[in-house]
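In what follows, a structure is listed as structure tokens, so that the remarks can point back to it.
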Amino acid sequence: MLELENMNAIVKSKRQPGAEITKVNAPKIKEDEVLVEVEAASICGTDIHIWDWNEWAQRRVKKIPIIFGHEVAGKVVKIGKKVGSLQVGDKVSAETHIADGTCYQCRTDRMHVCQNIEILGVDRDGVFAEQFALPERNAWINDPNLDPAIASLQEPLGNAIQTVLPKDHIEDIAGKNVAVLGCGPIGLMSIAVLKVLGASKIFATAGGLNKVRMELAKKMGADMVISAQEGVDIVKIIREASDGNGVDVALEMSGNPTAVRQAFEMLTPGGRVSLLGILDKPMEIDLNNAVIFKSATVYGIHGRRMFQTWYQMKGMLRNPEFRNKIAAIITHKIPFREVAKGVGLIRSKQAGKVVLQPKW
Ligand SMILES: [Zn+2]
Ligand SMILES: [Zn+2]
């Protein structure tokens with residue numbers, strides 16, 4: 001495809017719920033950007049927040065109108081004058097956190113927590129469109145044979161990998177008992193990651209009696225999948241199943257305050273918790289028993305390390321079994337024009353990932 005004058009896009013044009021599919025001007029790239037033709041995009045929880053225009057979105061999204069969407073795979077169709085590492089025709093995905101490259105964090109090897117981060121599809125126009133502009137530094141070159149649908153999942157898959165491996169210490173996982181609290185797409189992905197890294201026993205919890213998610217958790221390699229319902233003592237079950245010791249590592253993927261407390265309760269002393277799930281509001285926790293007396297290590301997880309996580313992901317995606325598991329999380333592929341249906345599928349919690357294809 002050549003450069004377009006106009007293109008189709010999914011646009012949030014008013015500060016209220018909903019979105020529209022409409023024609024907009026095609027993006028113009030800057031000297032250090034590339035123009036990418038979208039081959040697949042997947043819907044994220046963040047997109048649903050923007051669609052619904054919930055409290056978070058009302059506070060967070062400043063730029064209206066905005067093309068939203070950020071999980072993507074595509075092909076470079078044009079490069080800016082200063083771009084040296086990419087060529088027209090390269091298959092790419094996007095690291096969606098656009099760092100300034102100059103702040104204290106960026107200059108001390110922590111670009112993923114840049115103080116002036118801009119997020120694709122939140123602070124600037126995103127990928128639910130025929131084309132989008134991407135800074136060269138944020139373009140990740142994909143294996144040309146990688147299915148674009150799978151490639152579009154690398155942004156959340158990178159979250160999963162960062163939750164499992166917040167440092168490069170694989171020995172934190174190999175041979176260890178690990179609990180994954182919450183089996184949304186990123187929780188499911190983290191199970192597949194744990195399996196490929198050689199975790200011993202993997203316990204997964206899923207909210208309510210969600211058959212779709214519980215079955216997917218099994219498929220990803222969980223040894224035990226427990227439905228988190230009233231009256232089920234998850235901590236006791238997991239403690240007993242890990243020789244009475246509790247788990248070495250707990251990954252909190254749900255953002256549910258009960259699950260956050262359970263993650264610490266089921267942790268063996270000296271163990272580690274990674275917190276990825278975002279809470280709706282502040283919560284109370286008994287830090288003495290949860291963290292201090294346990295000598296627990298706690299990681300807050302935000303984004304992916306740039307770009308260590310992407311290299312780890314590239315390696316894992318070379319493994320066909322791992323690739324097939326990630327593909328299995330995609331429960332629906334639908335055309336862009338049916339985006340409203342995709343939003344409904346995700347809200348129903350009966351879907352894994354919903355991938356949008358460039359049919360307008
Ligand atoms: Zn996302
Ligand atoms: Zn910075």
Side-chain angles (χ1 to χ4, degrees), residues 10 12 19 32 36 38 40-52 54 56-57 60-61 66-74 92-129 132 134-140 148-163 182-190 193 253-255 276-278 301-310 313 326 329-332 339 342-343 345-347 349 351-356:
I10 299 168
K12 182 91 185 170
D32 60 349
V36 181
V38 174
S42 53
I43 305 177
C44 175
T46 303
D47 303 320
I48 308 287
H49 296 332
I50 296 175
W51 185 285
D52 289 344
N54 71 356
W56 173 85
R60 182 67 180 75
V61 181
I66 188 168
I67 300 169
F68 55 108
H70 57 271
E71 300 180 359
V72 70
V92 294
S93 283
E95 164 53 63
T96 57
H97 289 188
I98 298 164
D100 61 6
T102 54
C103 77
Y104 176 52
Q105 275 66 23
C106 285
R107 298 177 128 186
T108 51
D109 201 22
R110 295 171 290 176
M111 201 183 278
H112 65 296
V113 283
C114 171
Q115 293 182 37
N116 301 304
I117 222 145
E118 267 198 353
I119 301 183
L120 196 63
V122 175
D123 298 307
R124 56 184 270 159
D125 281 332
V127 307
F128 288 175
F132 67 100
L134 183 66
E136 174 181 20
R137 188 166 59 207
N138 287 71
W140 179 259
I150 299 176
S152 78
L153 300 189
Q154 290 178 101
E155 201 255 12
L157 178 56
N159 286 141
I161 293 171
Q162 171 67 349
T163 311
C183 283
I186 300 180
L188 292 169
M189 289 169 179
S190 74
V193 171
M253 305 299 220
S254 73
L276 172 107
I278 294 165
I301 306 296
H302 182 58
R304 300 141 294 280
R305 276 179 302 150
M306 294 150 73
F307 281 80
Q308 296 94 322
T309 308
W310 289 85
M313 183 153 53
I326 299 306
I329 296 173
I330 303 168
T331 51
H332 300 79
V339 62
V343 168
L345 281 164
I346 293 187
R347 272 206 206 101
K349 298 194 172 172
K353 273 303 222 185
V354 177
V355 171
L356 299 168

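Every number for a ligand or one of its atoms is a count from 1 in the order of the listing. FYI, side chains are in, hydrogens and waters are out, and symmetry mates aren't considered; it's all heavy atoms of this structure.
- With hydrogens and angles disregarded, a donor-acceptor distance shorter than 3.5 Å links the side chain of S93 to the backbone of V72.
- The Zn ion (ligand 2) lies at the vertex of an angle of 110° between the SG atom of C106 and the SG atom of C114 (rounded to 10°).
- Taking the Zn ion (ligand 2) as reference, D100 places its N/O/S atom OD1 nearest.
- Just one of E118, E71, R304 meets the side-chain hydrogen bond (donor to acceptor under 3.5 Å, both in side chains) condition when paired with T96; it is R304.
- Contact between I117 and H112 at its shortest, heavy atoms only, is CD1-O, 3.7 Å.
- Contact check on D123 versus R60 returns a salt bridge, with a Lys/Arg side-chain nitrogen under 4.0 Å from an Asp/Glu carboxylate oxygen.
- We find that E95 and R137 are not joined by a salt bridge, their nearest charged nitrogen and carboxylate oxygen being 4.0 Å or further apart.
- Only protein N, O or S atoms were considered, and those under 2.8 Å from the Zn ion (ligand 1) are C44 SG, H70 NE2, E71 OE2, E155 OE1.
- R124 forms no cation-pi arrangement with F132, by the criterion of a distance under 6.0 Å to the ring centre and an angle within 45° of the ring axis.
- In this structure a side-chain-to-backbone donor-acceptor pair under 3.5 Å is missing from D32 to P135.
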